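Every heavy atom of this structure was used, including side-chain atoms; hydrogens, water molecules and symmetry mates were not. This is a predicted model, so every value here is computed, not measured.
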Amino acid sequence: PNLLEQDFFVEKPSKKWVGDITYIYTRETGWTYLAIVMDLFVLKVVGWTYGKNMTDDLVIGAFKKALVNRGLDKDGIFHSDTGSQYTSNDFEHLLEELGIKHSYSKKGYPYDNASMESFNAILKKEEVNVNNYETFNEAKLAIFEFIESWYNNQRIHSSLGYITPNQKYNNYIANLATI
């Protein structure tokens, strides 16, 4: 079912995550794949994996990195499309083991995952489409720098009040300390 239903508002971190896969071309290997997990509260990429194959291992790796980096509440929601990677037995079993509800976009309806689609568009417009990657490793380094140095730490978002994802998270933590 679609549990998210385009309700992108979240009151605190680690309640609603979204995920997707995007394609990146390199001259060395052809198409490569980036799986991303984003926390909707701060629009921060909390987990990602880059690989040469678009398998469920790619999305499981990104999800597990997100769990290590941030952790999703037991009653949290993970929203994705209905691609075979996200509907695989291994991925579904992982979510079930963790007590996490899986929400799905309707087929051919990207609006349910608008935040993730927006990130993919930003990644393509500001990084991927303005560069030609010779090798897989060159692309991986560029993606790392884009996500970890630029997007999460320096790129401001109008929907966050013109601050970065990390500033939004740090403000939330600072406000907890004053309660």
Side-chain angles (χ1 to χ4, degrees), residues 1-22 33-50 56 58-83 85-87 91-92 94-127 143-144 146-176 179:
N2 184 344
L3 304 172
L4 194 60
E5 295 183 342
Q6 296 182 34
D7 178 9
F8 306 118
F9 176 76
V10 190
E11 292 182 2
K12 65 179 196 169
S14 300
K15 296 297 282 179
K16 293 179 185 177
W17 285 357
V18 292
D20 198 16
I21 299 172
T22 194
Y33 310 95
L34 175 65
I36 308 115
V37 176
M38 177 184 285
D39 185 333
L40 285 179
F41 177 71
V42 290
L43 301 179
K44 178 177 179 167
V45 175
V46 292
W48 61 276
T49 306
Y50 180 61
D56 64 350
L58 191 73
V59 299
I60 289 170
F63 192 85
K64 285 183 175 180
K65 285 181 182 180
L67 286 173
V68 168
N69 291 335
R70 183 61 56 86
L72 184 60
D73 285 0
K74 201 161 184 66
D75 62 340
I77 293 173
F78 177 76
H79 185 84
S80 69
D81 61 26
T82 56
Q85 300 82 7
Y86 291 109
T87 59
F91 189 71
E92 292 291 354
L94 173 63
L95 295 183
E96 190 176 305
E97 266 183 356
L98 297 168
I100 295 167
K101 294 173 244 150
H102 198 173
S103 174
Y104 301 97
S105 294
K106 296 175 208 160
K107 189 172 180 72
Y109 196 73
Y111 309 105
D112 290 329
N113 212 359
S115 299
M116 202 65 258
E117 298 298 341
S118 177
F119 170 80
N120 287 339
I122 290 166
L123 172 70
K124 297 289 175 83
K125 184 172 61 174
E126 296 180 9
E127 174 58 38
I143 292 163
F144 171 82
F146 180 84
I147 292 172
E148 304 297 345
S149 294
W150 173 247
Y151 184 84
N152 284 340
N153 286 300
Q154 296 180 41
R155 190 178 194 286
I156 60 173
H157 298 266
S158 60
S159 62
L160 297 178
Y162 297 96
I163 61 175
T164 70
N166 278 341
Q167 285 173 315
K168 168 103 181 197
Y169 183 75
N170 292 338
N171 291 348
Y172 174 80
I173 297 300
N175 287 334
L176 286 179
I179 296 176

Inset, instruction - Quick one: pull up CG in L94 and CD in E92 and give me the separation to the nearest 0.5 Å. - result: 9.5 Å
Inset, instruction - To the nearest 0.5 Å, tell me how far I147 CD1 sits from F119 CZ. - result: 4.5 Å
Inset, instruction - First locate atom CG of N171, then atom CD1 of I163, and finally report the distance between them rounded to the nearest 0.5 Å. - result: 5.0 Å
Under 3.5 Å, which donor-acceptor pairs link side chains of residues 35-48 to any protein atom two or more places apart or in another chain?
residue : atom : partner : partner atom : Å
D39     : OD1  : F41     : N            : 2.9
D39     : OD2  : S14     : N            : 2.9
K44     : NZ   : N166    : OD1          : 2.7
W48     : NE1  : E148    : OE2          : 2.8

Legend entry - Residues that E127 engages under side chain to side chain donor-acceptor pair (under 3.5 Å), provided they are two or more places apart: N131, Y133
Legend entry - Passing option when V18 is tested against D81, L4, D112 for side-chain contact (heavy atoms from CB on, under 4.5 Å): L4
Inset, instruction - Determine the minimum heavy-atom distance between Y86 and G19, stating which atoms define it. - result: OH-C, 3.5 Å
Legend entry - Parallel, tilted or perpendicular: ring planes of H102 versus F78, cut at 30 and 60 degrees: tilted
Inset, instruction - Give, for atom CD1 of I77 and atom CG of D7, the distance between the pair rounded to the nearest 0.5 Å. - result: 8.5 Å
Inset, instruction - Look at atom NZ of K64 and say whether more than 12 heavy atoms of other residues, nucleotides or ligands are closer to it than 6.0 Å. - result: no
Inset, instruction - Take T49 and L58, measure what side-chain contact (heavy atoms from CB on, under 4.5 Å) needs, and give me the verdict at the end. - result: CA-CA 6 Å; T49 306; L58 191 73; 3.8 Å; yes
Inset, instruction - Please round to the nearest 0.5 Å and tell me the distance separating atom CG of L98 and atom NZ of K101. - result: 13.5 Å
Legend entry - From CA spacing to verdict: side-chain contact (heavy atoms from CB on, under 4.5 Å), I156, T164: CA-CA 4 Å; I156 60 173; T164 70; 4.2 Å; yes
Legend entry - Partner residues of E96 under the side chain to side chain donor-acceptor pair (under 3.5 Å) criterion, sequence neighbours left out: none
Legend entry - Inter-residue atom distance Q85.CD - I60.CD1, 0.5 Å rounding: 10.0 Å
Inset, instruction - List for me each residue that meets side chain to side chain donor-acceptor pair (under 3.5 Å) alongside D20, sequence neighbours excluded, and say none if there are none. - result: N120
Legend entry - Qualifying residues under ring-ring contact (aromatic ring centres under 6.0 Å, His included), relative to H157, sequence neighbours excluded: Y151
Inset, instruction - State, yes or no, whether a side-chain contact exists between I122 and F146 at a heavy-atom distance under 4.5 Å. - result: yes
Legend entry - H79 backbone acceptor or donor facing K16 side chain under 3.5 Å: no
Legend entry - Residues that D56 engages under side chain to side chain donor-acceptor pair (under 3.5 Å), provided they are two or more places apart: S88
Inset, instruction - Flag the pair W17 / F63 as yes when at least one side-chain heavy-atom distance between them is below 4.5 Å, and no otherwise. - result: yes
